[in-house]
Structure formats: structure tokens, C-alpha cells
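Let me begin by presenting the structure, written as C-alpha cells, before commenting on it.
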Amino acid sequence: MNAPILDERALDEALAAERAAGHTIAFANGCFDVLHVGHIRYLQGAAKEADVLVVGVNGDESVRELKGTGRPVMNEAERAEIIAAIRGVSYVTIFRERSPARLIGDFKPDVHCKGTDYTPDSVPEAAVVRSYGGRVAIVGDPKDHSTTELLETMRRR
């Protein structure tokens, strides 16, 4: 069964129920534009950090701002649906900003998960997470996979 894709209000209600049940919450985020094994390993690592995993998917406009012309390849609804189908993902939401900092500050997950291209001190949202007593976890495999590189390889072939 796929994880529900919720707007922020519905996600807030769902997380209140999860917390009332005593569950811990992890948060991971990304563009997830053309899914690859690095994404799967990142999300599966994040799922091990808490009872519940919420995944924030960047909206289309923020992907364009972050990745440039021609991106995203898939629209936000399709990307969210794919992420919702991954084992270990509990909830998915789409956020419009370039950074998930506001979302993290609103939902206050117990742990914010980032990939191995970061260190706990270089995570841009680390100050927000620490401000409410959360922790940052670095998860996934070494950053050997890249959607941009995958698309370039596809173009060359």
C-alpha cells in the first residue's frame, strides 16, 4: 500500500496522531526527478532513523530554480506518487520553497535526514532542527549517483 500524499494541514493532523501514539518522526527531502538507486538507499536509510518517515518532495518551480532549464523531467504529482510507493515511506508532501527549512520548523521532526554529500554541520537546515531539539542524521550510500549525470548519460547515448 502506498503512503498517503498529504497537504500540509492534513500532514500536521497525521503527525499529531503519530506523536500521540508515541512514534518518532524522521524527515527527508529532495527533488527525486528521475529516481535512481541513490534515492532509494537514502530513503531506506532515513526510514531506519524513526518510526515514521515523512518525505518532502520539491514542487516543480523549486526544482526548476534548483536544477535549471528542462527540469523537472516528471511533474511533482508523479514524483510524489513514485516516492509514496517506496517501502518505508509513511507520508509524502509537496513543498514549494527551494529549502525545506520552513516545513521542518513547522513539523519539528525528531530527526532530519540528509544524504552523504552533507556532514551534520553542513546541512543547511541544521540550525532549524537544533533550535527545537531535533537531530540531523546523514544516511544513504556514498554520493555516487546523480540525476543530472544520469540524464547526461542518457542524452549522450
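All residue numbers refer to positions in the sequence shown, counting from 1. Atoms considered below: every heavy atom in the structure, side chains included; atoms not considered: hydrogens, waters and symmetry mates.
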Determine whether a donor-acceptor pair (N or O, by modelled atom type, separation under 3.5 Å) exists between the side chain of [X] and the backbone of [Y].
X: Lys67; Y: Arg64; answer: no
X: Tyr118; Y: Ala137; answer: no
X: Asp12; Y: Phe107; answer: no
X: Ser62; Y: Arg98; answer: no
X: Arg79; Y: Asn58; answer: yes
X: Tyr132; Y: Asp110; answer: no
X: Thr116; Y: Asp141; answer: yes

Nearest-0.5 Å distance that lies between atom [atom1] in [X] and atom [atom2] in [Y]:
X: Ile82; Y: Met74; atom1: CD1; atom2: CE; answer: 4.0 Å
X: Glu18; Y: Leu11; atom1: CD; atom2: CG; answer: 10.0 Å
X: His39; Y: Cys31; atom1: NE2; atom2: SG; answer: 8.0 Å
X: Glu13; Y: Leu6; atom1: CD; atom2: CG; answer: 9.5 Å

For this session: Evaluate whether atom CD of Glu8 has more than 12 neighbouring non-hydrogen atoms of other residues, nucleotides or ligands under 6.0 angstrom away.
Result: yes
Are [Y] and [X] connected into the same hydrophobic cluster when the rule is that any two of I, L, V, M, F, W, Y join if their side-chain heavy atoms are below 4.5 Å apart?
X: Leu15; Y: Val128; result: yes
X: Leu43; Y: Tyr91; result: no
X: Phe27; Y: Val89; result: no
X: Tyr42; Y: Val54; result: no
X: Leu66; Y: Ile83; result: no

Exercise. Between Ile138 and Thr119, is any pair of side-chain heavy atoms under 4.5 Å apart?
Worked result: no
Exercise. Are Asn29 and Leu103 close enough that some pair of their side-chain heavy atoms sits under 4.5 Å apart?
Worked result: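 Asn29 vs Leu103: side chains apart.
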For the student: nearest non-hydrogen atoms of [X] and [Y], plus distance:
X: Ile94; Y: Gly59; answer: CG2-CA, 3.8 Å
X: Val136; Y: Pro120; answer: CG1-CA, 4.2 Å
X: Glu125; Y: Pro100; answer: OE2-CD, 3.3 Å
X: Ile5; Y: Ala84; answer: CG1-CB, 4.0 Å
X: Asp60; Y: Pro72; answer: OD1-CG, 3.5 Å

Output a table of donor-acceptor pairs, distance under 3.5 Å, between side-chain atoms of residues 45-52 and any protein atom two or more places apart or on a different chain; print 'none' if there are none.
unit_1 : atom_1 : unit_2 : atom_2 : d
Glu49  : OE1    : Arg135 : NH1    : 3.0
Glu49  : OE1    : Arg135 : NH2    : 2.8
Asp51  : OD2    : Thr24  : N      : 2.8
Asp51  : OD2    : Thr24  : OG1    : 3.2

Exercise. Thinking salt bridges, do Arg96 and Glu76 make one under a 4.0 Å N-O criterion?
Worked result: yes
For this session: Indicate yes or no: does Asp106 engage Arg102 in a salt bridge with an N to O separation below 4.0 Å.
Result: yes
